[in-house]
Amino acid sequence: MTSWVEHALWWHVYPLGFVGADIRPPDAPAPSARERPVEHRLGRLEAWLDHVVDLGLNGIALGPVFASSTHGYDTLDHFQVDPRLGDEDDLLRLVATAHDRGVRVLLDGVFNHVGRAHPAFRALEEDGPAAPTAGLFRVRWDGWRPGDRVDADVFEGHDQLVALDHGSSGTVDLVVDVMTHWLDRGVDGWRLDAAYAVPPAFWAAVLPRVRERHPDAWFSGEVIHGDAAAVVRASTMDSVTQYELWQGIWHGIADGNCHELAHAIRRHDALLSTFVPSTFVGNHDVTRITSAVGPRHLPHALAVLFTVAGVPSVYAGDEYAFRGVKEARVGGDDAVRPAFPPVPPAPADLDPEGRDAFRTHQALVAVRRRHPWLHRAHTDVVHLENTAIVLRTAIGTDAVVTALNIGDEAVSLPAAGSTMIEAGAGEVDHGRVRLAASGWAVLGG
């Protein structure tokens, strides 16, 4: 794996929502990418780069930025920036400006499917199996006549998301071309959307070819279930998303069941012999962590995120304790994908929850920056109760201890050899750490 990732801490952004773009045209089908006027909105992200640095983060993981019909995951052209965001110059300026601040940039590659209005698929609707792009899709042509609807595989029942044929050399060539095109222009890596829906052999055909030209690029796949270690080995991806840890953090804390959290951490730890997972407590597809666990327990979730192994990301807005509940309906993602102001708010303009969340993020990111070895360090559960847990994450003699009390009474917990508070609050004495009700502390020394 490329070495710079050992220090990577991402700020994850959903660009179309961030800049306030129109996601769903209200009356008519969405216009094609070339029919839309170019609106130069990506500059709004540039205005937040100093905020990223102030948090202590050093990477921006962008959601979809390529031309699409609606939400960004129904791609129309992988080589064109979405006109609702701007144009290629806008994206390249964002990348260059980020790099000037020491901030890397990750793009979101939607390579499992494309939008039904993609020109490559529209060619099938017009020319049938004779279309030069017919080999890119999984289509049933039996009984088809000109003018008939093309019966193609789609992604998880979404009719507008037409699945690519990942057994086709043409699809391999397309994805290699897209990845190298944007890596050539300065981006640092790729998040591979819906990677769990793509045969690992496809990635194994694509990624080595891309690495020949860009050996330092990093590739993390969206994998929400299955044997993550086996997927990484077969696909050659560097990392995959750690949904099991996210769920263990959320439910373990929200339900007052640290045993569930401990179970998830032990399973997380077992993955490290194969790869370092991409870790998170929030993203564009899930309920905001503050809504999930409440502001009182947001620090507990963050303390786990930043003191166990992984490549951590902060979902933009979580650092301000944004709220939002994901719902299973059209528009059900809107609450977790809001528009942001043109510039970051001043600390004095934040409400108390927002100020506390921001300072907690800063403190825990600082812990992570001081101890970069946490990237691949193993975690032991050294104390466990329903509402309290102590974790010791270590490599050799280097160790960080995370003590969490999610209960309503003060507790005294083992300090596991640590003698000083690095973040949070507590009293360390005679090998114990005393935490207030709902208290937490990260210890070192």
Side-chain angles (χ1 to χ4, degrees), residues 244-269 279 281-282 287-308 318-323 325 351-368 374 379-394 399-445:
E244 185 176 16
L245 180 64
W246 159 75
Q247 189 170 49
I249 293 171
W250 172 357
H251 289 295
I253 293 173
D255 298 341
N257 181 6
C258 287
H259 292 273
E260 180 174 356
L261 174 59
H263 177 71
I265 288 171
R266 291 179 179 118
R267 286 178 58 84
H268 175 77
D269 204 62
T279 52
V281 293
T287 290
R288 289 272 181 183
I289 187 63
T290 300
S291 293
V293 302
R296 183 175 68 158
H297 292 313
L298 173 63
H300 299 79
L302 297 173
V304 177
L305 174 67
F306 286 109
T307 62
V308 302
D318 283 353
E319 71 271 29
Y320 292 133
F322 277 13
R323 296 173 187 250
V325 176
D351 62 25
E353 280 186 11
R355 282 195 298 273
D356 288 348
F358 185 79
R359 290 168 181 160
T360 300
H361 275 82
Q362 282 186 313
L364 287 166
V365 171
V367 169
R368 187 65 170 227
L374 285 167
T379 299
D380 292 316
V381 179
V382 298
H383 181 83
L384 180 61
E385 305 171 24
N386 282 343
T387 58
I389 189 169
V390 178
L391 309 172
R392 183 178 185 273
T393 305
V400 163
V401 173
T402 303
L404 307 179
N405 174 21
I406 60 175
D408 295 329
E409 304 289 337
V411 295
S412 176
L413 302 173
S418 293
T419 59
M420 54 178 265
I421 303 291
E422 290 205 36
E427 297 177 5
V428 183
D429 187 40
H430 292 92
R432 309 282 296 180
V433 57
R434 181 172 177 79
L435 301 179
S438 300
W440 65 279
V442 176
L443 299 87

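What you see is a predicted model; the values in this text were computed from it and never measured. Numbers here are sequence positions counted from 1.
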Main chain of [Y], side chain of [X]: is a donor-acceptor contact present, judged purely on distance under 3.5 Å?
{"X": "R392", "Y": "D380", "value": "no"}
{"X": "S438", "Y": "R296", "value": "no"}
{"X": "N257", "Y": "H259", "value": "yes"}
{"X": "N405", "Y": "A410", "value": "no"}
{"X": "H251", "Y": "L261", "value": "no"}

What are the two closest heavy atoms between [X] and [Y], and how far apart are they?
{"X": "A415", "Y": "L443", "value": "CB-CD2, 4.3 Å"}
{"X": "T290", "Y": "A321", "value": "OG1-CA, 3.5 Å"}
{"X": "V390", "Y": "P414", "value": "CG1-O, 3.6 Å"}
{"X": "A423", "Y": "L364", "value": "CB-CD2, 4.2 Å"}
{"X": "V382", "Y": "L391", "value": "CG2-N, 4.5 Å"}
{"X": "N386", "Y": "I406", "value": "O-CD1, 4.2 Å"}

**Asked** According to the interplanar angle, ranging from 0 to 90°, do the rings of Y320 and F322 count as parallel (below 30°), tilted (30 to 60°) or perpendicular (above 60°)?
**Response** tilted

In Å and rounded to the nearest 0.5 Å, what is the [atom1] to [atom2] distance from [X] to [Y]?
{"X": "T419", "Y": "H430", "atom1": "OG1", "atom2": "NE2", "answer": "13.5 Å"}
{"X": "I265", "Y": "R267", "atom1": "CD1", "atom2": "CZ", "answer": "13.0 Å"}
{"X": "H300", "Y": "W440", "atom1": "NE2", "atom2": "CH2", "answer": "8.5 Å"}
{"X": "E422", "Y": "T402", "atom1": "CD", "atom2": "OG1", "answer": "9.5 Å"}

Would you say the side chain of [Y] lies within less than 4.5 Å of the side chain of [X], judging by non-hydrogen atoms?
{"X": "R368", "Y": "L374", "result": "yes"}
{"X": "V308", "Y": "H268", "result": "yes"}
{"X": "C258", "Y": "E385", "result": "no"}
{"X": "T360", "Y": "L298", "result": "no"}
{"X": "L435", "Y": "L413", "result": "yes"}
{"X": "I421", "Y": "V442", "result": "no"}
{"X": "I389", "Y": "V381", "result": "yes"}

Check your understanding: Is a side-chain donor-acceptor pair under 3.5 Å present for T393 with T307?
Key -> no

Exercise for the section: State plainly whether the residues R323 and D318 are in salt-bridge range, i.e. N to O under 4.0 Å. Expected result: no

| task | Look at atom CZ of R432 and say whether more than 12 heavy atoms of other residues, nucleotides or ligands are closer to it than 6.0 Å. | result | yes

Assess whether side chain to side chain contact (heavy atoms under 4.5 Å, CB included) is satisfied between V304 and L404, documenting all intermediate values. CA-CA 9 Å; V304 177; L404 307 179; 3.7 Å; yes

Practice prompt. Could you walk me through whether W250 and T287 pass the side chain to side chain contact (heavy atoms under 4.5 Å, CB included) test, one step at a time?
Written response: CA-CA 10 Å; W250 172 357; T287 290; 4.1 Å; yes

Open item on the list: Test side chain to side chain contact (heavy atoms under 4.5 Å, CB included) on L302 and H361; report intermediate values, then the result.
Closed with: CA-CA 7 Å; L302 297 173; H361 275 82; 3.3 Å; yes

